[in-house]
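One structure below.
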Amino acid sequence: MKTALLMILLGLCLADDEISNKRFPDEFMFGVSTSAYQIEGAWNEDDKSESIWDHMVHTNPDFIADRTNGDVACDSYHKFDEDLAILKETGVNHYRFSLSWTRILPTGYPDNINVAAVKYYKNVINKLKENGIEPVVTIYHWDLPQNFQDLQGFVNDSISDWFAEYARVCFSMFGDDVKYWITINEPQQVCTGGYGYGYFPPTIKSEALLEYQCVHNLLKAHAKAWHIYDDEFRSKQNGKVAITLDTSAYLPASDSDEDKEAAERIQQFTIGIYANPIFNGDWPEVVKTRVAQRSIAEGRSQSRLIEFTQEEIDFIKGTHDFFGLNVYTGYLVESLGYDPPVSEPPSKWQDQAVNTYQPSTWETTSTQYTKVVPWSVRSLLNWIKNHYDSPKIMITENGYPSSGNDKDDRRIYYIKGYLSNIRDAMEQDGVDVFGYTVWSIMDNFEWASGYTQKFGLYEVDFNSENRTRRARGSASFYKKVIETRCLVDNCI
Ligand code: NOJ
């Protein structure tokens, strides 16, 4: 036991004999994921209007590491057949992709449904189904209509109605053929990235203030969409609707109660702030109490974390048909040992009051913060199981970024290690995971990193007009896993 703990802390590699030899169930869904802005291109074709990402890349090219943009990206708007070919070649059970709001509704509102966009997505969905691939459709993956951003985007209370109306159009246009819906992808990136630290459009820096207002509105937006499905579509369409939450796994750096509490606290501030209202009702207690106390100490008359009314708590609670989880890495967490003094403006770090780190011995990837920590996913899955009454979980994203020049063995190691720990969580801990999704089937526009971070099982040649797709080693590895449902040579 001591040796295992030491291995974990040192981040030593998983040996082959530590990889699970348990077969994945036949019905387990193995898939891959993409999103509209990152692959489609055709940013202004067929009446599509401007999203916040179109706006950012065109008005501030320096925002993107390599000054590129998603104007063409993988050109999937014109090359879906090529995408389909590589999905078939990999043998995936499902394909998770997103719909572009500004393509479907060029004004953002449902007053004018774009026929060309509907035709495009219907073709995608039909061809997937004809080939036995289950579509998993994300309604919102960060590409907000710019005209809504001009009205303050997610901090305008009307966002929940704008989004709900758009979701209704999606359900009514495509819902007969879609069994898995994701309302919103990675809300933490929307609110913390967009309104907290400001590293994503609209780049507003209002940590622990507008950031929390965004969370409040976003949860209402998700819940309205879920209720629309439940009330108007579920009985005919029989699908499942969930939100996809992202977090890293946060593990106490020691056995001390203080570090354990610190790990619990940051997990609540990152994922609990979204999951607790949806699965249990209301904000997580520790988040609610800490922010309220600190707000009063700052001289405010009410908490920076807007309280929910009882009606809102009841409306949001239960709006899940499964738990969508994106996870890439893990951190160790230490208590600060003191409560940071209040300051103006407030900070999220002060609200959370923890120190996180990744030991330098942990294997790194091409991005500084995405270290390879396969064992951490098992702890996170157990945390979710214990806090949210054993939900059914679909891992909607997990993947390995590289600079693209390396051999693909580390991506294979990463996927194998994470899948092994997921399998152990299912088998030994009774966590109900029913699907796993690699980000991504192919290299694509990695937001502020442009094309510098490559997540693809397939490489894309962004210098060729054809955007040629070419399999990496991990594509054949994953294909074999899907075929055999097994991570080693002989499964039991
Ligand atoms: C999170 C996001 O959902 C996706 O858009 C992004 O490209 C990947 N993870 C990798 O960073």
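In each ligand, atom 1 is the first atom listed, and ligand 1 is the first ligand listed. Keep in mind the model is a prediction, meaning the values are calculated, not measured.
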is_close_aromatic(Trp226, His222), centroid dist under 6.0 Å: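 Ring-ring flag for Trp226/His222: false, centres at least 6.0 Å apart.
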
Heavy atoms of other groups near Lys240 NZ, more than 12 under 6.0 Å: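 For Lys240, atom NZ is not crowded (no more than 12 foreign heavy atoms under 6.0 Å).
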
Show me a pair-per-line table, with atom names and distances to 0.1 Å, of protein N or O atoms that are under 3.5 Å from an N or O of ligand 1.
residue, atom, partner, partner atom, Å
ligand 1, 3 (O), His141, NE2, 3.2
ligand 1, 3 (O), Asn185, ND2, 2.8
ligand 1, 3 (O), Glu397, OE1, 3.2
ligand 1, 3 (O), Glu397, OE2, 2.7
ligand 1, 5 (O), Gln38, OE1, 2.7
ligand 1, 5 (O), His141, NE2, 2.8
ligand 1, 5 (O), Trp447, NE1, 2.8
ligand 1, 7 (O), Gln38, NE2, 2.9
ligand 1, 7 (O), Trp439, NE1, 3.3
ligand 1, 7 (O), Glu446, OE1, 2.6
ligand 1, 9 (N), Tyr328, OH, 3.1
ligand 1, 9 (N), Glu397, OE1, 2.8
ligand 1, 11 (O), Glu446, OE2, 2.6

Nearest non-hydrogen partners of Asn217 and Phe154, listed with the distance: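 Between these two residues, the closest heavy atoms are ND2-O, 2.9 Å.
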
Stepwise side chain to side chain donor-acceptor pair (under 3.5 Å) test for Arg410 and Thr365: CA-CA 9 Å; Arg410 299 325 289 162; Thr365 63; over 6 Å; no

Residue pair His227, Thr319: steps toward the side chain to side chain donor-acceptor pair (under 3.5 Å) verdict: CA-CA 7 Å; His227 280 290; Thr319 56; 5.9 Å; no

Intermediate values then yes/no, ring-ring contact (aromatic ring centres under 6.0 Å, His included), Trp447 and Trp53: CA-CA 8 Å; Trp447 309 114; Trp53 275 93; 4.7 Å; yes

